[in-house]
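Contents: one structure, followed by commentary.
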Amino acid sequence: MEKTDIKSLDYEELQQFMASLGEKPFRAKQLYEWMHEKLAADLDEMTNLSKGLRKKLKEITDYTSLEVVERLVSGIDGTEKYLFRLSDGNVIESVLMRYHHGNSVCISSQVGCRMGCRFCASTLGGLTRNLKPSEMLDQIYRIQQVSGERVSNIVVMGTGEPLDNYDNLLKFIRLLTDEHGLNISQRNITVSTCGIVENIRRLANEKLQITLALSLHASNQEKRLQLMPVANKYDIHEVIDACRYYFEQTGRRVTFEYSLVGGVNDTKEDAKELTELIHGMNCHVNLIPVNPIRERDYVQSNAHVIEAFKEKLERSGLTVTVRREMGRDIDGACGQLRRKYKENQRLA
Ligand code: SAH
């Protein structure tokens, strides 16, 4: 029989589970507190549960607790990169970023990814499996414990496509924002997607207050197709329409992520076309100088090209930021630490 993943259960489900073991309701409360408030790494930390109960829980449940394989701290900006091992041996990575407004954690939503974006290191080995809600949560729990810092913002922008793991993502958000858990505000959560249209609409209908970030990366269908195979399935206009719908349903301003790739999508014409594409939308554009990966020969745009692109957008009235590169000295960019680790293992 498959063991119950208790850290993925919401409070009601946990109460039912404990009742099925013949335990009193307050035991569920204690257990929930240990998992989601005190962030216990192990059932044995739960000293107010009897040894007998802990033993039983060990036998019939699967207590998700990620093991820190590596923790790299940037000497430049204090960014911390974590490599975690899951109970089945897979490894994932997460990042802690320190900003003036608080600490932000970037989490992975899948082991690998099947979306195939051309410039991205996380997708090179394909998708291994979805992460469970508990495995998404525990990236944050462990980072908070190990760093000793309170985390206030979460971005689901690490390895994986969150809207390709929809149900687990939603459960994760509900547990993360629960007042008896870390109680993170929905407004402090950003979910980044390559644009799975039906799930953007589904998410809009949930009417959450989270921020949707759409990985656009091109201003027309043809160019988007060159960079993102997912564009074969969804036309760029369909994706933009889904983003408009997200704003209509939630009142939340959508972020468009646009990775500037030297000579590919960074010309003045690209900028002009982009302003036309998202004209009239209540949105924010985040320009990301592409992080070159070894496996592809994409290069970053020159600094003055980035500036000119930004100015062109701003002149049309758009709010634009250029993403600051963090943790440059510690393989900060998407999927690179995990990839290096896996390569070294193969050689060992
Ligand atoms: N699958 C989701 C979230 C993970 S990627 C998505 O596609 O949005 C997070 C962001 O980083 C995306 O905008 C992605 O396109 C971008 N990204 C990935 N690799 C990159 C690279 N090498 N340089 C710049 N941006 C990259």
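Each ligand, and each atom within it, is numbered from 1 in the order the structure gives. Note: hydrogens, waters and symmetry copies are ignored here, and every other heavy atom, side chains too, is used.
- The aromatic rings of Tyr11 and His180 lie tilted to each other, with the angle between the two planes from 30° to 60°.
- At a threshold of 4.5 Å between non-hydrogen side-chain atoms, the residues Glu198 and Tyr166 do not count as touching.
- Annotation: side-chain contact (heavy atoms from CB on, under 4.5 Å) contacts of Ala40 (sequence neighbours excluded): Trp34, Glu45, Met46, Tyr63.
- Using a 4.5 Å cut-off on side-chain heavy atoms (C-beta onward), Ser192 and Val155 make no contact.
- Side chains of Arg85 and Tyr341: a donor on one and an acceptor on the other come within 3.5 Å.
- Near Cys194, meaning under 4.0 Å from any of its heavy atoms, are these atoms of ligand 1: 6 (C), 7 (O), 8 (O).
- Pairs passing the ring-ring contact (aromatic ring centres under 6.0 Å, His included) check and including a residue from residues 96-139, sequence neighbours excluded, read Tyr99-His101, Phe119-His217.
- Using a 4.0 Å cutoff on heavy atoms, Gly158 counts as a contact of ligand 1.
- Of the heavy atoms in His217, only side-chain atoms (C-beta onward) come closer than 4.0 Å to ligand 1.
- Residue contact check for ligand 1: Met157 places a non-hydrogen atom closer than 4.0 Å to it.
- Taking every heavy atom of Cys120 and a limit of under 4.0 angstrom, the matching atoms of ligand 1 come to 18 (C), 19 (N).
- Using a non-hydrogen distance threshold of 4.0 Å, Met228 does not register as a contact of ligand 1.
- Evaluated by nearest non-hydrogen atom to atom 1 (N) of ligand 1, the leading choice among Ala213, Ser192, Gly160 is Gly160.
- When non-hydrogen atoms are compared, ligand 1 lies under 4.0 Å from neither the backbone nor the side chain of Leu214.
- Contacts of Glu161 with ligand 1, taken as heavy-atom pairs under 4.0 Å, involve both backbone and side chain.
- Results of the side chain to side chain donor-acceptor pair (under 3.5 Å) test with Arg114 over Asp164, Thr128, Thr123 single out Asp164 as the only residue that passes.
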